[in-house]
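Take a look at the structure set out below.
Numbers here simply count residues along the sequence, with the first being 1.
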Amino acid sequence: MKLGYELTIEQTQKLSMTPELIQAIQILQFNNQELSDYVQNELLENPVLEAEKSYDAQEVDIREKIREADYEEESFRQWEYRPDDDDDYTYEQYVYEEDTLTDYLMSQLQFSRLTGQMATIGRYIIEVIDDNGYLTMSVEEISKAVGADIDTVEEVLNFIQTFDPCGVAARNLRECLIIQFAAKGLLTDEIEYIIENMLEELADNKIAYIAKTIGIKNQEVQQIADLIKTMEPKPGRVFSSGEATRYVVPDIIVEKVNDEYQVMNNDTSMPKLMVSSYYNKLSAEAKQDEELNKYLTDRFNAAVWLIKSIEQRKQTIYNVASAVVKYQQDFFDNGEKSLKTLTLKQIAEDVGVHESTVSRSINGKYMQSPRGVFELKYFFSSGVSGEDGTGVSSNSVKSIIKEIIAGENPQKPYSDQDMVEILKNKGIDISRRTVAKYREGMNILSSSKRRRF
């Protein structure tokens, strides 16, 4: 065996991830809001880049201001609102803020009869109520925290429990329900006993057992169960948690025109980018300054690459969405029951890109269509075989199961095995275990718990 060193020539292929390629992949992966934030940041950092905007005779041309200021640093400062500018009002100066549960309860406390120490206790109690409307500390803990006796704290708590929304400041679900029944004048001994002692049995739909235990008819227990379902288990959730509401901005809009579905990009939320016209003047002046010239060239290349990457993102998402609409036309025509199985590979082959590109194109991207707004990922799902050999989406099967249950006799609900047979008659071959998995995924109770008396 010969040992030693030698030089050899070998040809290999490898993919180098340049910063530009990494940026392009990142931009494709961004959802609409993330891309908007990214673009705004680039506009701030890159003086060569600007958002295209139409100007009329009454608008101030910021580029003229830059020229007049001889491109000094002062010219980059943003316009700031000054209190003495009384005639200059903009909508941006005003911010709408939703009332939180705490705000709402505090306003009721402010106009209540509580004063002094009791008002202080009331404010403390309100501060320790969570977003669902429940008290998060015991009366004993509150008593120690505010330095008051337990009876006084209990009295204030009982008073706050009369506030709107009904059921607020309860210590648990049972107390929350009893407060609501009492406030509506519906609380009976039977209802109170069931709430206090048999909520678990009621959740398991053990109507006959509860009726026998209390000594009333099955139908009466069923009526009580129906009444309990009308109460609000989380009275505080009707209020804002203090977090801003997030809105979905669709990347793609689908409209039906003359029996054909037209796919369009939604460009309304994204500013049109362009290279600043002032760059030409600067680049001419910078030829004598090597360092400045290099900086401007780098910024120019970065701006051009960003614009190209955004255009490529838009085209890729459009191509993927168009292929999805073509594959899922039955869904757009007939609804969820007609949703077909669809994989990343199918769309990748149709569009001529890698599966990972399709994955990035659909993640966090939304489509507005005549059927509603859907994340593009919604249209991709596995499923089962239909009678004609085509795949039936799991979402489609769930929709059919939901429809079957909606049309069942509530006194004799379908078991999972019954639904297996019904689906089989519809040409969908599926196991009982899969039916149970789909049903549970939709938070639909089993037949024994759906039965009504």
Side-chain angles (χ1 to χ4, degrees), residues 99-109 111-114 118 122 125-126 128-139 142 151 153-241 405-406 408-411 413 443-453:
D99 274 348
T100 64
L101 176 62
T102 301
D103 296 331
Y104 187 57
L105 294 175
M106 285 294 189
S107 67
Q108 295 177 72
L109 179 66
F111 293 101
S112 72
R113 57 177 171 77
L114 296 186
M118 298 188 79
I125 288 174
I126 289 172
V128 295
I129 293 174
D130 66 18
D131 290 339
N132 290 323
Y134 285 91
L135 198 66
T136 60
M137 292 176 65
S138 68
V139 171
I142 295 172
D151 290 340
V153 174
E154 191 77 51
E155 181 183 351
V156 176
L157 176 60
N158 290 337
F159 180 73
I160 291 177
Q161 287 177 343
T162 66
F163 284 9
D164 186 59
C166 191
V168 75
R171 282 160 279 201
N172 51 55
L173 176 60
R174 290 175 172 81
E175 186 175 35
C176 180
L177 293 174
I178 288 175
I179 290 171
Q180 293 179 65
F181 271 98
K184 296 180 180 181
L186 300 174
L187 191 62
T188 64
D189 291 341
E190 292 81 8
I191 291 176
E192 186 170 7
Y193 183 86
I194 290 174
I195 291 175
E196 289 284 10
N197 304 284
M198 310 194 79
L199 272 186
E200 287 77 11
E201 288 79 3
L202 197 64
D204 291 334
N205 207 37
K206 296 180 179 179
I207 302 296
Y209 172 76
I210 297 172
K212 184 178 180 181
T213 302
I214 300 178
I216 59 178
K217 296 179 180 179
N218 291 350
Q219 289 76 9
E220 292 179 271
V221 177
Q222 184 68 68
Q223 290 173 358
I224 292 173
D226 293 342
L227 201 55
I228 289 175
K229 289 177 182 177
T230 65
M231 301 300 168
E232 176 53 75
K234 297 179 180 179
R237 64 180 170 184
V238 297
F239 288 85
S240 166
S241 64
I405 292 174
E408 69 185 2
N409 181 350
Q411 295 181 329
N443 294 318
I444 296 175
L445 300 173
S446 63
S447 58
S448 62
K449 294 182 179 179
R450 296 200 309 273
R451 184 187 175 195
R452 294 179 59 80
F453 289 82

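- When all heavy atoms of Cys176 and Pro233 are compared, the closest pair comes out as SG-O, 4.2 Å.
- In terms of modelled atom types and a separation under 3.5 Å, the side chain of Glu232 and the main chain of Lys234 share a donor-acceptor contact.
- In this structure Asn172 satisfies the side chain to side chain contact (heavy atoms under 4.5 Å, CB included) test together with Arg174, Glu175, sequence neighbours excluded.
- Proximity of a side-chain donor or acceptor of Gln108 to a complementary backbone N or O of Asp164 within less than 3.5 Å is detected.
- Taking all atoms of both residues into account, the shortest heavy-atom contact from Ile179 to Val168 is CD1-O, 4.5 Å.
- Asn205 places a side-chain N or O within donor-acceptor distance of the main-chain N or O of Arg451, the cut-off being under 3.5 Å.
- Taking 4.0 Å as the cut-off between side-chain N and carboxylate O, Arg171 and Glu154 count as a salt-bridged pair.
- Side-chain atoms of Asp103 come within 3.5 Å of backbone atoms of Thr100 as a donor-acceptor pair (strictly under, hydrogens ignored).
- Taking Asp204 as the reference, Lys449 meet the salt bridge (Lys or Arg N to Asp or Glu O under 4.0 Å) condition, with sequence neighbours excluded.
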Full working for side-chain contact (heavy atoms from CB on, under 4.5 Å) between Ile142 and Val156: CA-CA 11 Å; Ile142 295 172; Val156 176; over 6 Å; no
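- Judged by distance alone, the side chain of Ser447 and the main-chain N or O of Pro413 form no donor-acceptor pair under 3.5 Å.
- Here the closest heavy-atom approach between residue Phe111 and residue Ser107 is recorded as CD1-O, 3.0 Å.
- Here the closest non-hydrogen pair linking Asp130 and Leu101 is O-CD2, 3.5 Å.
- A donor-acceptor pair under 3.5 Å is formed between the side chain of Gln161 and the backbone N or O of Ala169.
- Side-chain contact check for Ser448 and Ser446: at least one donor-acceptor pair (N or O, by modelled atom type) lies under 3.5 Å.
- More than 12 non-hydrogen atoms from other residues, nucleotides or ligands lie less than 6.0 angstrom from CZ of Phe159.
- Here Gln223 contributes atom CD and Glu190 contributes atom CD; the two are 12.0 Å apart, rounded to the nearest 0.5 Å.
- A pairwise comparison of heavy atoms in Pro235 and Pro165 identifies O-CG, 3.3 Å as the closest pair.
- Under the side chain to side chain contact (heavy atoms under 4.5 Å, CB included) criterion, Leu227 pairs with Phe181, Leu186, Ile191, Thr230, not counting sequence neighbours.
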